[in-house]
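All remarks here apply to the structure that follows.
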Amino acid sequence: MRPDQRELLPRSFFDRPATEVAPDLLGCIFWSDSADGRVAVRLVEVEAYMGGIDPASHSFRGETKRNAVMFGPPGHAYVYFTYGMHFCVNFVCSPPGEPTAVLVRAGEVIEGAELAAGRRLSNSRPRDLARGPARLCQALSIDRGEDGIDVCVPGSALGIGPRVTSVDPADISHGPRIGITQAQDRPWRFWLAGDTHVSSYREGKPRRARGKPLASADGRDGTMQR
DNA sequence: TTGATGATTCGCT
DNA sequence: GCGAATCATCAAT
């Protein structure tokens with residue numbers, strides 16, 4: 001196996017605001033290498049997160065241990081864990097200190113489909129292998145171990161290369177991002193119009209508070225174990 | 001320390 | 001269409 005057999009996007013590609021990088025990523029090839037082999041996808045859906053000016057961005061409220069990678073140099077992978085069970089991956093953009101990034105939301109598996117399907121717990125239909133940010137991470141076997149990886153140097157477990165087929169700018173659509181409750185008006189989600197591997201839109205709604213005893217009849221229900 | 005919540009997915013109605 | 005699953009993170013206590 002030759003990890004360097006595909007051309008890599010240069011770091012300069014990512015050294016721009018995420019809103020500029022995002023549409024240019026559509027159609028590009030994103031892959032992961034492991035002992036089991038390579039899984040590669042053609043990106044069809046991404047979202048831009050703009051740091052300090054974007055309330056929906058993890059970096060909006062400053063640097064923390066979790067989002068530190070976003071504040072570093074461009075061309076690295078920012079991987080985070082959410083909902084107690086899922087991982088999502090971003091490409092860090094902009095110069096160091098400017099924490100913008102592009103969330104990878106969906107792709108079409110073009111290599112290693114069998115390996116990807118084996119990693120999926122359920123629903124391994126080809127169309128759904130990498131349809132959704134957490135599914136895509138599962139298909140590419142991305143988790144905490146990949147946080148901070150440099151995708152612009154040969155030999156990394158993760159790599160990304162240029163388009164192998166051209167993309168007509170007219171085929172790139174954009175609109176509101178999915179699943180967020182802040183800044184829902186910013187049209188920073190980009191996708192390839194008509195591509196069946198793009199996920200479907202869901203409005204982000206705050207969920208009802210859980211586990212609240214719903215203090216009603218009995219204020220002092222002393223037996224509140226678990 | 002505690003408590004609320006999340007850049008989601010899956011299964012059931 | 002709706003809610004559960006499930007836990008790391010962060011703001012508030």
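Below, chains carry the letters A, B, ... as their sequence lines are ordered, and counting in each starts from 1. What's counted below: heavy atoms across the whole structure, side chains too, no hydrogens, waters or symmetry copies.
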Quiz item: Atom CZ of A:Phe87 to atom C1' of B:dG6: distance rounded to whole Å?
Solution: 14 Å

Self-check item: Axial cation check for A:Phe13 ring with A:Arg11, 6.0 Å and 45° limits
Solution: no

Quiz item: Looking at residues 54-78 of chain A, who's got a heavy atom less than 4.0 Å off DNA chain C?
Solution: A:Thr64, A:Arg66

Quiz item: Can you get from A:Leu115 to A:Leu140 by hopping between Ile, Leu, Val, Met, Phe, Trp and Tyr side chains that sit under 4.5 Å apart?
Solution: yes

Practice problem: Classify the nucleic acid contact of A:Phe81 as base, sugar-phosphate or nothing, counting any heavy atom under 4.0 Å across all strands shown. | Solution: sugar-phosphate

Quiz item: Roughly how many Å is it from CD in A:Glu45 to C1' in B:dT8, rounded to a whole number?
Solution: 13 Å

Quiz item: What are the two closest non-hydrogen atoms of A:Leu158 and A:Ser32, and how far apart are they?
Solution: CD2-CB, 3.5 Å

Quiz item: Counting side-chain heavy atoms from CB outward, which of B:dC10, C:dA5, B:dT9 is closest to A:Ala134?
Solution: B:dT9

Quiz item: Looking only at side chains, do A:Tyr201 and A:Glu203 share a donor and an acceptor under 3.5 Å apart?
Solution: no

Practice problem: Return the value, rounded to whole Å, for the distance between atom CG of A:Asp147 and atom P of C:dT9. | Solution: 10 Å

Self-check item: Value rounded to 0.5 Å, distance of NE2 in A:His197 from CD1 in A:Ile110
Solution: 11.0 Å

Practice problem: To the nearest Å, give me how far apart NZ (A:Lys205) and C1' (C:dG3) are. | Solution: 12 Å

Quiz item: For the residue pair A:Tyr80 and A:Phe87, is the inter-centroid distance of their aromatic rings smaller than 6.0 Å?
Solution: no

Quiz item: In what stems does DNA chain B take part, counting only runs of at least 3 consecutive Watson-Crick or G-U pairs whose two distances fall under 3.5 Å?
Solution: B:1-6 with C:7-12, B:8-12 with C:1-5

Self-check item: B:dT2 and C:dT6, which share atom name P, separated by this distance in whole Å
Solution: 22 Å

Exercise. Write down the distance between CG (A:Leu121) and P (B:dC10), rounded to a whole number of angstrom.
Key: 8 Å

Quiz item: Going through the distances and angles, do A:Asp147 and A:Arg144 end up as a salt bridge (charged side-chain N to carboxylate O under 4.0 Å, His left out)?
Solution: CA-CA 5 Å; A:Asp147 188 32; A:Arg144 281 185 193 77; over 6 Å; no

Exercise. Using a strict 4.0 Å threshold on nitrogen-to-oxygen distance, state whether A:Asp185 and A:Arg177 make a salt bridge.
Key: no

Quiz item: Can you hop from A:Leu8 to A:Ile149 via hydrophobic side chains spaced under 4.5 Å?
Solution: no

Exercise. Specify the residues of residues 96-106 of chain A, ordered by number, for which at least one heavy atom lies under 4.0 angstrom from an atom of DNA chain C.
Key: none

Practice problem: Could you tell me which non-hydrogen atom of A:Gly161 sits nearest to which non-hydrogen atom of A:Cys28, and how far apart they are? | Solution: O-CB, 3.2 Å

Quiz prompt | Hydrophobic cluster membership, A:Val89 vs A:Val92, 4.5 Å side-chain cutoff | solution = no

Exercise. Select one nucleotide: of B:dT8, C:dA5, B:dC10, the one nearest the side-chain heavy atoms of A:Asn123.
Key: B:dC10

Quiz item: For the pair made of CG in A:Leu136 and P in B:dA7, what is the distance, rounded to whole Å?
Solution: 17 Å

Quiz item: Between A:Met85 and A:Arg144, who's closer to the 5' end of DNA chain C by nearest nucleotide?
Solution: A:Met85

Quiz item: Between A:Phe91 and A:Phe14, what is the ring plane arrangement, given parallel below 30°, perpendicular above 60°, and tilted in between?
Solution: tilted

Quiz item: Given B:dC10, is OP1 or OP2 found less than 4.0 Å from the side-chain N or O atoms of A:Arg135?
Solution: yes

Quiz prompt | Separation of atom CZ in A:Arg177 from atom P in B:dG6, rounded to whole Å | solution = 14 Å

Quiz item: Quick one, which residues of residues 179-194 of chain A touch DNA chain C with a heavy atom under 4.0 Å?
Solution: none

Please output the side-chain donor-acceptor pairs of residues 68-78 of chain A that fall under 3.5 Å, not counting sequence neighbours, one pair per line with the distance.
from, atom 1, to, atom 2, distance (Å)
A:His76, ND1, A:Gly148, O, 3.0
A:Tyr78, OH, A:His58, ND1, 2.8

Quiz item: Please, which pairs that meet side chain to side chain donor-acceptor pair (under 3.5 Å) have at least one residue in residues 109-122 of chain A, sequence neighbours excluded?
Solution: A:Arg6-A:Glu111, A:Ser34-A:Arg119, A:Arg120-A:Gln138

Quiz prompt | Side-chain donor/acceptor contact of A:Tyr80 with base of C:dA8 under 3.5 Å | solution = no

Quiz prompt | Length of the OH-C1' vector between A:Tyr83 and C:dC7, whole Å | solution = 13 Å

Practice problem: Check the hydrophobic clustering (I, L, V, M, F, W, Y; side-chain heavy atoms under 4.5 Å; chains of links allowed) and say if A:Val46 and A:Leu103 are grouped together. | Solution: no

